[in-house]
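First the structure, in the form of structure tokens, and then the observations on it.
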Amino acid sequence: MKLLIVDDEYIAVEGVMNGVNWDALGFEQVFQAYSYSEAVEILQRTYVEVLVCDIEMPDGTGLELVEWVNAHSPGTQCIIMSCHDEFDYARQALSLRCLDYVLKPVRYPTLTAILKKAMETVEERRHRERMQNFGQQYIEMVSGKNSDDYEDAVEKVEHYIREHLAEELSVRNLADMVYIGA
């Protein structure tokens, strides 16, 4: 997973870079930007799953950056990290579907917990997309068969899921059970 930290204050970015245990979180890359335009350049080159940004920056605000991200990279989870405790900013961030709004100076355990939440949200979205793709593949696979075969496969999968709810289910195992490649 990739993360982008955007803040016009060099010391704020360095503080986050040094204060968070990135290896423990599992981010493969952490990018840094110090302005709106620098952040957009990075986002145009690389898909970033998590964005942490300040509100006040040169050549654009963090809220404008979140709007840009929502339009161009809607799967990216956005977190505002700001020294502004004004309700209007927090309300705007919520209306832009930001995952969180945290005040600076942020305690690193708090930021770590928020970043974990962002990673979980990304993983949940990925899982939903995989399940949708599986469903689409299944529909395409059975579309050439008669409806009895389709109903039999669906019933078999439904029965298996009901019988094994307490276990971790795998798309691959379900697909193999009804002879579909996952």
Side-chain angles (χ1 to χ4, degrees), residues 1-6 16-17 20-33 39-40 42-53 62-63 65-81 90 93-102 106 108-145 147 149-182:
M1 227 177 267
K2 296 176 185 166
L3 169 84
L4 172 59
I5 302 168
V6 187
V16 171
M17 291 300 297
V20 173
N21 183 346
W22 299 107
D23 291 333
L25 280 173
F27 282 100
E28 63 191 57
Q29 281 186 292
V30 179
F31 297 94
Q32 303 165 33
V40 168
I42 291 169
L43 291 163
Q44 288 175 328
R45 284 191 318 254
T46 305
Y47 179 71
V48 173
E49 288 88 353
V50 180
L51 168 72
V52 176
C53 70
L63 295 170
L65 180 60
V66 171
E67 283 185 76
W68 187 93
V69 167
N70 286 344
H72 296 89
S73 182
T76 298
Q77 294 300 305
C78 299
I79 300 162
I80 295 289
M81 185 174 67
L94 286 173
S95 72
L96 292 170
R97 298 183 315 274
C98 285
L99 184 67
D100 212 324
Y101 187 103
V102 62
V106 62
Y108 298 122
T110 301
L111 182 57
T112 299
I114 292 167
L115 292 171
K116 283 181 183 177
K117 180 178 163 185
M119 294 174 78
E120 289 169 2
T121 302
V122 168
E123 285 301 322
E124 288 170 8
R125 180 184 46 79
R126 286 180 177 167
H127 178 72
R128 279 192 310 273
E129 288 172 357
R130 282 192 299 270
M131 293 305 288
Q132 287 173 341
N133 289 338
F134 169 71
Q136 184 62 39
Q137 287 177 353
Y138 185 79
I139 288 168
E140 290 170 4
M141 193 272 312
V142 298
S143 64
K145 295 185 175 184
S147 62
D149 291 340
Y150 171 77
E151 289 173 12
D152 289 344
V154 170
E155 286 176 20
K156 186 175 182 180
V157 170
E158 285 177 347
H159 177 74
Y160 183 85
I161 291 171
R162 276 194 294 276
E163 295 296 317
H164 297 88
L165 274 177
E167 301 170 20
E168 186 170 324
L169 299 174
S170 132
V171 171
R172 180 168 305 287
N173 289 344
L174 294 173
D176 289 345
M177 188 173 57
V178 291
Y179 311 106
I180 300 174

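The figures that follow rest on heavy atoms only: side chains count, while hydrogens, waters and symmetry mates do not.
Listed by chain and number, the residues in a salt bridge (charged side-chain N to carboxylate O under 4.0 Å, His left out) with E67 amount to none (sequence neighbours excluded). E120 meets the salt bridge (charged side-chain N to carboxylate O under 4.0 Å, His left out) test with no other residue; sequence neighbours excluded. Among residues two or more places apart in sequence or in another chain, the side-chain hydrogen bond (donor to acceptor under 3.5 Å, both in side chains) test is passed with R97 by none. Residues that satisfy the side chain to side chain contact (heavy atoms under 4.5 Å, CB included) test with A90, not counting sequence neighbours, are Y101. With sequence neighbours left out, the salt bridge (charged side-chain N to carboxylate O under 4.0 Å, His left out) criterion links R126 to E49, E123. For T46, there are no side-chain hydrogen bond (donor to acceptor under 3.5 Å, both in side chains) partners, not counting sequence neighbours. By the side-chain hydrogen bond (donor to acceptor under 3.5 Å, both in side chains) test, E129 pairs with R125, sequence neighbours left out.
The two atoms that bring K2 and F27 nearest to each other are C-CD2, 4.0 Å, heavy atoms only.
Two residues are said to be in side-chain contact when any heavy atoms from C-beta on lie closer than 4.5 Å; V16 and V30 fail this criterion. C53 has its side chain within reach of I80: a pair of non-hydrogen atoms, C-beta onward, lies under 4.5 Å apart. Counting heavy atoms from C-beta on, the side chains of L96 and C78 never come closer than 4.5 Å.
Screening residues 69-78 for side chain to side chain donor-acceptor pair (under 3.5 Å) gives W68-H72, S73-T76 as the qualifying pairs, with residues at least two apart or on separate chains. For residues 20-33, the pairs satisfying side chain to side chain donor-acceptor pair (under 3.5 Å) are Q32-Y34, with sequence neighbours left out.
Screening L25, V122, V48 for a side-chain contact (heavy atoms from CB on, under 4.5 Å) involving M1 leaves a single residue, V122. Just one of I79, V52, V106 meets the side-chain contact (heavy atoms from CB on, under 4.5 Å) condition when paired with I114; it is I79.
A distance of 5.0 Å separates CG in L65 from CG in L51, rounded to the nearest 0.5 Å. Separating the CD1 atom in I5 from the CG atom in L111 is a distance of 7.5 Å, to the nearest 0.5 Å.
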